[in-house]
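Report on the following structure.
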Amino acid sequence: QVQLVESGGGLVRAGGSLRLSCAASGTIFSINDMAWYRQPPGKQRELVAGITSSGSTSYTDSVKGRFTISRDNAKNTVYLQMNSLKPEDTAVYYCKAGGLRVSVRSIGGDYWGQGTQVTVSS
């Protein structure tokens, strides 16, 4: 079974930093894209940042210049470094592994972590 486990969330003051990690474990042959999403209270889940298997990155406009996504393919782990945090960054953050294959013959699928809470106080 494949599992994604996030860590690193917590409570921080505005202007502070947090680093989220998400490790995929289990039988994994390959992972295409990895991404971080967030869901603020009472709102829909939104894409925050994504990274391809070759390292190309993309960000939603509101986090550009403040957040950095990276991954360690050998560890099947994706990170999100969050700097200059704002109260509006408060949300549950989820990681997603896209196109994850458990064997060379399997069809890739999407897997999600359970989420980690990030709260930014003003």
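Each residue takes its place number in the sequence, starting with 1. The structure displayed is predicted, hence computed values, not measured ones.
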Between R71 and N76, is the side chain to side chain contact (heavy atoms under 4.5 Å, CB included) condition met? List the steps.
CA-CA 7 Å; R71 66 189 282 178; N76 291 323; over 6 Å; no

Side chain to side chain contact (heavy atoms under 4.5 Å, CB included) for K96 and D110? Distances and angles first, verdict last.
CA-CA 7 Å; K96 188 185 84 170; D110 292 345; 3.9 Å; yes

Evaluate the criterion side chain to side chain contact (heavy atoms under 4.5 Å, CB included) for residue pair V12 and T119; output intermediate values, then yes/no.
CA-CA 6 Å; V12 65; T119 303; over 6 Å; no

List the steps and the verdict of side-chain hydrogen bond (donor to acceptor under 3.5 Å, both in side chains) for D72 and T77.
CA-CA 5 Å; D72 184 333; T77 299; over 6 Å; no

Apply salt bridge (Lys or Arg N to Asp or Glu O under 4.0 Å) to D89 and R66, showing your working.
CA-CA 11 Å; D89 294 318; R66 301 188 298 122; 2.8 Å; yes

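Taken to the nearest 0.5 Å, the CZ atom of R13 stands 10.0 Å off from the OG atom of S122. Distance check: E6 CD to C22 SG gives 5.0 Å after rounding to the nearest 0.5 Å.
Looking only at side-chain heavy atoms (C-beta outward), L20 and M82 come within less than 4.5 Å of each other. T57 has its side chain out of reach of T68: every pair of non-hydrogen atoms, C-beta onward, lies at least 4.5 Å apart. Between V102 and F29 the shortest side-chain heavy-atom distance does not fall below 4.5 Å. Counting heavy atoms from C-beta on, the side chains of V48 and Y37 never come closer than 4.5 Å. Taking the side chain as every heavy atom from C-beta outward, V92 and R38 never approach each other to under 4.5 Å. Using a 4.5 Å heavy-atom cutoff, the side chains of I51 and D33 are not in contact. Side-chain atoms of L18 and V118, non-hydrogen and from C-beta on, do get closer than 4.5 Å to each other. Between I69 and Y59, the closest side-chain pair of non-hydrogen atoms falls below 4.5 Å.
Neither side chain, N32 nor S53, offers a donor N or O lying under 3.5 Å from an acceptor on the other.
Nearest heavy-atom pair across A97 and M34 is CB-CE, 4.3 Å. Between P87 and A14, the shortest heavy-atom distance links the atoms CD-CB, 4.1 Å.
L85 and L11 sit in two unconnected hydrophobic clusters of ILVMFWY residues. Membership requires side-chain heavy atoms under 4.5 Å apart, directly or through other members. Linking Ile, Leu, Val, Met, Phe, Trp and Tyr whenever their side-chain heavy atoms come within less than 4.5 Å puts W112 and L47 in one cluster.
Remark: R45 qualifies as a cation-pi partner of Y94 under the 6.0 Å distance and 45° angle criteria applied to the six-membered ring.
Residue pairs satisfying the side chain to side chain donor-acceptor pair (under 3.5 Å) criterion with at least one member in residues 19-28, sequence neighbours excluded, are absent.
The local environment of CD in Q3 is sparse, with at most 12 non-hydrogen atoms from other residues, nucleotides or ligands closer than 6.0 Å.
For W36 and F67, the gap between ring centers reaches or exceeds 6.0 Å.
Side-chain atoms of R101 come within 3.5 Å of backbone N or O of V104 as a donor-acceptor pair. Using a distance-only test at 3.5 Å, with no hydrogens or angles considered, no donor-acceptor pair links the side chain of Q44 to the main chain of Q39.
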